[in-house]
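Here is the structure we will look at.
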Amino acid sequence: MDWAEASEPQLLTPGARIMSANKGWWVPPEGEDSVSQKFLRKTRESPLVPAGLGGCLAVAAYRIYRLKARGSTKMSIHLIHTRVAAQACAVGAVMLGAVYTMYRDYVKRTAQNPGEK
């Protein structure tokens, strides 16, 4: 055993194991999803969350790119505008998700009970 291997603490959840061939890669317990499978499942359940996150990242990247061309605007004002634009993307995605969910539930409910009002 190498000194570096002995000094690194390895915190594992009950039932998890570390594969010796993978040099410390964490393997989920049997019956649990991996991180990528869990991310894809969550994306399918609520597709607007990654869209909101992508919007936030796109706004932040654009505003950082435009940082040099801000002119005489103070840095703090530029950063506040960047934060507000990124939050607007996230709030917009949440609102679209809520509207979509309400619409889907209403359409599903009316399709299941066509005679009731």
Exercise. Report, as yes or no, whether the 6.0 Å neighbourhood of atom CZ on R70 holds more than 12 heavy atoms from other residues, nucleotides or ligands.
Key: yes

Interatomic distance, CG@L79 vs OG1@T73, rounded to 0.5 Å, equals 11.0 Å

Output for pair (R41 CZ, R44 CZ), nearest 0.5 Å, gives 9.0 Å

Enumerate donor-acceptor pairs with a distance under 3.5 Å from any side-chain N or O in residues 96-105 to protein atoms, sequence neighbours excluded.
from, atom 1, to, atom 2, distance (Å)
T101, OG1, G97, O, 2.8

Identify all side-chain donor-acceptor contacts of residues 49-64 below 3.5 Å with residues at least two apart in sequence or on another chain.
from, atom 1, to, atom 2, distance (Å)
R63, NE, T82, OG1, 3.3
R63, NH2, H78, ND1, 3.4

The side-chain contact (heavy atoms from CB on, under 4.5 Å) partners of A93 (sequence neighbours excluded) come to none

